[in-house]
Amino acid sequence: MGLRLYNTMSGKTEEFTPLGDTVKIYTCGLTVQSEPHVGHIRAAMVRDTLMRWLGYLGYRVVALENFTDVDDKIIEKQKEYNKDWRMIAQDNIDTYLRACDQLNIMRATFYPRASQHMEEIINLVVQLIDKGFAYEKKGDVYFRVRKFPEYGKLSKKSIDDLMSGARIAPTESKDDPLDFALWKAAKPGEPYWLSPWGKGRPGWHVECSAMSMRYLGETFDIHTGGEDLIFPHHENELAQSLAATGKPFARFWLHNGWVTLTGEKMSKSTGHYSPIKDVLAKYSANVIRMFMLKTHYRKQLAYDDERLDEARAALMTIRTYIDNAANKYGEMEEILEPMMLDTFTEAMNDDLNTSRALSVIYELIKRSYKEDDFKIAASVNYYYSLLGFTREIESVIEPYKDVMEVVREVEEKLKSAGRSEILKEICAGFHDRIINIKHVNELYSQIIALLLDIRMKLRDEKNYELADYIRQRLLDNNIIVDDTSDGSTFRSGTV
RNA sequence: GGCGGUAUAGCCAAGUAGCAAGGCGGCGGUCUGCAAAACCGCUAUUCGCCGGUGCAAAUCCGGCUGCCGCCUCCA
């Protein structure tokens with residue numbers, strides 16, 4: 001069986017096949033009035049996982065992720081901080097994209113912004129007025145919800161239920177409290193664009209319809225976003241799009257569960273959230289990814305430092321295995337045919353069940369330690385990067401300098417102990433070892449290997465004091481040394 | 001008030017009918033200069049509570065309770 005995805009529209013898990021050659025994805029990105037937090041990253045991580053898996057399955061993917069850079073909130077911020085709304089938007093977009101890159105989240109194909117698609121937005125609104133689905137009132141334009149019989153289908157709400165719970169500001173000049181704004185007249189001092197209804201700006205929702213149609217066409221494959229967007233955002237987006245084109249809009253609606261903090265949903269409007277930059281200051285990209293992939297994307301996820309620490313430990317088990325395997329078999333990137341186990345494929349095909357996919361990795365690891373087959377190691381390595389984890393040292397220059405410092409310290413200690421000849425002896429072959437090196441990472445590894453050789457000599461001489469000193473200094477630099485019966489190996493102390 | 005989600009070991013978490021995955025943590029052992037890694041064994045007779053349907057239920061049905069959320073800006 002191929003990929004199956006849970007579709008919010010049907011409430012069921014459905015077989016996925018794309019409409020055309022290329023899978024077209026639209027992700028509801030940020031309204032960029034304040035800094036991105038862990039919740040936004042989760043949504044991006046879902047898109048990333050989906051893109052990676054579709055890529056593995058052999059599909060070409062075009063993915064859009066929008067920035068809604070003009071709305072009520074950002075205008076409020078402009079007044080509050082006396083800072084141009086465009087600057088506020090740009091700062092938050094920069095922070096977000098930088099975080100995504102750091103997290104190894106695959107870039108979307110395009111990141112369109114509402115403010116740069118006014119023509120498409122205005123055209124869509126005109127179309128809706130022409131078709132009788134929208135009306136103008138004093139420079140505002142509203143969508144007539146009752147004109148659209150399928151309203152509520154996505155969020156499973158009936159118009160009557162909505163009416164009974166409606167809390168609509170009485171000042172608005174709508175014909176019906178449920179109607180929502182497509183276009184808002186500008187007040188003095190607010191940013192505006194010229195339109196057939198005077199100076200104004202788009203309402204929330206309409207930009208997503210306009211931009212998805214522009215880049216993906218009237219019908220596309222998958223729409224993703226946080227669960228909190230189902231109503232009203234996606235319901236409205238759907239209504240506008242269907243009303244305008246009369247054609248199906250998104251074929252699959254995927255919604256991720258939200259991230260909670262101390263039991264409550266993270267939300268920038270309440271200020272109850274963890275900014276992603278703070279989290280990245282404490283935890284690595286891989287750890288944050290593990291934290292998210294451990295839980296199925298549709299479930300609620302509680303953000304908590306203890307959970308992150310646990311994710312780090314869980315990841316360390318895999319990382320240790322991969323580093324040990326690399327020591328044993330050599331680097332595995334070039335092995336072209338890792339085993340793709342049915343259990344892994346089946347887990348991912350089952351609505352991207354990363355939790356189950358991870359368990360397959362752990363079972364492989366357990367098996368590998370017993371069977372001693374490099375193919376298993378290569379497969380673990382492959383799965384690891386397929387899920388978006390990395391083994392790169394972000395920059396090898398700093399750790400390289402630190403390790404050279406350890407070399408100097410050891411040299412001093414040997415000299416003062418009158419044992420300089422150990423260094424001379426061990427270093428004799430060093431030139432040959434590094435002569436063919438192509439990457440600085442390998443040089444770094446060779447320097448560490450040199451220290452381990454010195455240490456081995458010291459251990460043979462039962463000079464445990466200096467041997468332990470070397471081990472400790474390497475540990476200070478996040479390099480863990482393991483002594484096995486076949487000699488010493490080292491691995492990363494961080495993930 | 002209306003609508004929706006969720007409840008599985010100390011913690012996290014898969015699992016939609018056939019003997020309860022996996023991770024973290026813990027305990028005991030092997031290996032070892034020490035440390036670490038690894039390996040072996042143990043760690044839920046039971047899946048929020050009550051009732052029902054099945055030969056068989058964590059899994060289906062009904063009821064109850066707790067937690068979270070949406071109905072207003074939100075990934």
Side-chain angles (χ1 to χ4, degrees), chain A residues 8 11 13 27-31 33-34 36-47 65 68 71-73 76 96 152 155-158 160-169 178 204 224-233 235 255-260 263-270 272-273 290-291 294-296 298-302 304 306-307 309-318 320-321 323-324 343 347 350 353-363 365-366 368-370 459 462-465 467-468 471-472 475 480-485 488-491 493:
Chain A
T8 305
T13 303
T27 297
C28 264
L30 278 56
T31 52
Q33 89 278 49
S34 56
H37 59 67
V38 181
H40 303 117
I41 294 301
R42 188 178 196 197
M45 195 70 86
V46 171
R47 176 179 58 71
E65 187 174 312
T68 297
D71 75 327
D72 294 354
K73 287 282 165 73
E76 277 172 32
Y96 174 70
S155 56
K156 318 273 184 284
K157 290 179 190 296
S158 79
D160 294 336
D161 289 345
L162 287 167
M163 274 309 283
S164 66
R167 280 177 275 164
I168 306 293
L178 293 180
W204 187 43
T224 77
E227 203 170 359
D228 46 0
L229 294 178
I230 296 174
F231 191 90
H233 184 54
E235 193 67 62
H255 290 103
N256 59 274
W258 47 77
V259 182
T260 61
E264 266 176 65
K265 186 180 148 230
M266 271 195 202
S267 171
K268 61 190 170 197
S269 53
T270 55
H272 185 259
Y273 65 87
M290 183 55 138
F291 164 67
K294 263 166 68 68
T295 302
H296 184 86
R298 280 197 283 122
K299 280 214 162 182
Q300 231 178 80
L301 183 62
D304 182 325
E306 275 179 47
R307 296 285 83 72
D309 292 339
E310 192 190 298
R312 178 195 280 138
L315 186 59
M316 203 57 182
T317 302
I318 301 178
T320 296
Y321 170 81
D323 284 357
N324 282 342
T343 45
D350 185 11
N353 195 330
T354 49
S355 181
R356 223 161 80 205
L358 284 167
S359 78
V360 174
I361 295 182
Y362 286 104
E363 273 162 10
I365 289 175
K366 214 181 272 180
S368 167
Y369 279 118
K370 289 176 192 168
R459 289 177 70 215
K462 300 216 186 318
N463 185 348
Y464 294 123
E465 198 188 324
D468 288 351
R471 184 170 64 193
Q472 182 55 47
L475 183 62
I480 296 173
V481 174
D482 298 316
D483 295 328
T484 70
S485 47
S488 300
T489 60
F490 67 93
R491 61 193 163 90

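Scope of the values below: all heavy atoms of this structure, side chains included, with no hydrogens, waters or symmetry mates. In what follows, chains are A, B, ... by sequence order, proteins preceding strands, each numbered from 1.
Taken to the nearest 0.5 Å, the CD1 atom of A/Ile318 stands 6.0 Å off from the CG atom of A/Leu358.
Residue contacts shown for A/Glu363 are limited to sugar-phosphate atoms, with no base heavy atom under 4.0 Å away. Within the 4.0 angstrom heavy-atom criterion, base atoms lie near A/Val259. Residue contacts for A/Glu227: at a heavy-atom cut-off of 4.0 Å it reaches no nucleic acid atom on any strand shown. A/Tyr362 comes within contact range of the sugar-phosphate backbone alone, with a heavy-atom separation under 4.0 Å but no base atom that close. Across all strands, A/Thr295 comes closer than 4.0 Å only to sugar-phosphate atoms, never to a base (heavy-atom distances).
At a cut-off of 3.5 angstrom, the base of B/G23 holds at least one donor-acceptor pair with the side chain of A/Glu310.
Side-chain polar atoms of A/Thr320 and A/Arg491 form a donor-acceptor pair below 3.5 angstrom.
Between B/A21 and A/Asn353, no contact under 4.0 Å exists linking OP1 or OP2 to a side-chain N or O. The phosphate of B/A7 has OP1 or OP2 within less than 4.0 Å of a side-chain N or O from A/Lys299. For the pair A/Lys156 and B/C70, the criterion of a side-chain N or O lying under 4.0 Å from OP1 or OP2 is not met. Dashed line: the shortest gap from a side-chain N or O of A/Ser355 to OP1 or OP2 of B/G22 is not under 4.0 Å. Phosphate contact (OP1/OP2 of B/C70, side-chain N/O of A/Lys265, threshold under 4.0 Å): present.
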**Q.** Under 4.0 Å protein heavy-atom contacts per nucleotide of nucleotides 34-42 of chain B, with B for base, S for backbone only and - for none
**A.** BBBSSSS--
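In this structure, the side chains of A/Arg459 and A/Ser488 come closer than 4.5 Å at one or more pairs of heavy atoms.
For A/Asp350 and B/A21, the CG to P distance is 18 Å, given to the nearest whole Å. Summarising the geometry, the separation between CZ on A/Arg307 and P on B/C11 is reported as 10 Å, rounded to the nearest angstrom. Following rounding to the nearest Å, A/Lys73 (NZ) and B/C73 (P) show an atom-to-atom distance of 8 Å. In this structure, NE2 of A/His296 is placed 17 Å from C1' of B/A7, rounded to the nearest angstrom. Per the geometry, CZ belonging to A/Arg47 stands 12 Å off C1' belonging to B/A75, to the nearest Å. One can place CE of A/Met290 at 15 Å from P of B/G22, the figure rounded to the nearest angstrom. Distance, A/Gln300 CD to B/G66 P: 17 Å, rounded to whole Å.
Stacking of the aromatic ring of A/Trp258 onto the base of B/A75 is not found under the criterion of centres within 5.5 Å and planes under 30°.
A/Lys157 and A/Glu235 are not joined by a salt bridge, as no carboxylate oxygen comes within less than 4.0 angstrom of a charged side-chain nitrogen.
Rounded to whole Å, the separation between the C1' atoms of B/A75 and B/C70 comes to 14 Å. Rounded to the nearest Å, the gap between the C1' atom of B/C19 and that of B/G23 is 23 Å.
Helical stems in RNA chain B, defined as runs of 3 or more consecutive Watson-Crick or G-U wobble pairs with donor-acceptor distances under 3.5 Å: B:1-7 with B:65-71, B:10-12 with B:22-24, B:25-30 with B:38-43, B:48-52 with B:60-64.
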Q: Decide side-chain hydrogen bond (donor to acceptor under 3.5 Å, both in side chains) for A/Thr31 and A/Lys268; before the verdict, give the C-alpha distance in whole Å, the side-chain angles of both, and the deciding distance to 0.1 Å.
A: CA-CA 10 Å; A/Thr31 52; A/Lys268 61 190 170 197; 3.2 Å; yes
